[in-house]
Amino acid sequence: MEDSFYEQVFEIARLVPKGRVTSYGAIAKALGAGGSARMVGYAMSNAGIAHPRVPAHRIVNSSGLLTGKFHFSPPELMQQLLEQEGIRVENDKIKDFKRVFWNPLDDL
DNA sequence: GGATTGACGTGTC
DNA sequence: AGACACGCCAATC
């Protein structure tokens, strides 16, 4: 359970620098999962109960859309956190997504 | 052990 | 530009 796929996802998620975001697919690829981007999102479901504080709000889909914002306690929290980090969010979508996008492979 | 699901991704209509 | 369909893979029921 602990050393399952989730752990790896959380690890990458925690590696995301502040003021930066990443996509599920990018994380999946960093794990070697390739196209199993869904597994990353699926793993994030446990993020709330996993390691203290997984910056799940920094994880968005490839479109820069806050797809998982509804999973937060208050769905608006995700956008709030992102804006707090200096990321501009509009209509549940990240502005300048390319600018704030962080590739996990860049840290590896 | 088979069937279902899921915070996705990419392509096509 | 928005909507629909297919594919992928692991965990849960």
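Throughout, a chain's letter reflects where its sequence line sits, starting with A, and its residues are numbered from 1. Since this is a predicted model, take the numbers as computed values, not measurements.
- One N or O on the side chain of A/Asn61 and one on the backbone of A/Gly64 form a donor-acceptor pair closer than 3.5 Å.
- A/Ala56 comes within contact range of at least one nucleobase, with a heavy-atom separation under 4.0 Å.
- Contact check, A/Ser63 against B/dG9: no side-chain N or O comes under 4.0 Å of OP1 or OP2.
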All N/O pairs under 3.5 Å across the protein-nucleotides 2-8 of chain C interface:
from, atom 1, to, atom 2, distance (Å)
C/dG7, O6, A/Arg38, NH1, 3.4
C/dC8, N3, A/Arg38, NH1, 3.3
C/dC8, N4, A/Arg38, NH1, 3.2

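- For the pair A/Tyr24 OH and B/dT10 P, the interatomic distance rounds to 14 Å; values are reported in whole Å.
- Rounded to an integer number of Å, the gap from A/Lys93 NZ to C/dA1 C1' is 13 Å.
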Show me the donor-acceptor pairs within less than 3.5 Å that the side chains of residues 30-45 of chain A make with the rest of the protein, sequence neighbours left out.
from, atom 1, to, atom 2, distance (Å)
A/Ser36, OG, A/Ala33, O, 2.8
A/Ser45, OG, A/Tyr42, O, 3.3

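- Taking a 4.0 Å limit (strictly below) on heavy-atom distances, residues 66-78 of chain A reaches DNA chain B at A/Thr67, A/Gly68, A/His71, A/Phe72.
- Per the geometry, CD belonging to A/Gln79 stands 20 Å off P belonging to B/dA7, to the nearest Å.
- In this structure, the side chain of A/Asn103 engages the main chain of A/Leu105 through a donor-acceptor pair within 3.5 Å.
- Partners of A/Glu11 by salt bridge (charged side-chain N to carboxylate O under 4.0 Å, His left out), not counting sequence neighbours: none found.
- Distance OG1/A/Thr22 to CZ/A/Arg58: 11.0 Å, rounded to 0.5 Å.
- Computed from coordinates, the A/Gln8 CD to C/dC9 C1' distance equals 13 Å when rounded to whole Å.
- Residues from residues 96-107 of chain A that place a heavy atom under 4.0 Å from any atom of DNA chain B: there are none.
- Considering only residues two or more places apart in sequence or on other chains, A/Lys29 meets the side-chain contact (heavy atoms from CB on, under 4.5 Å) condition with none of them.
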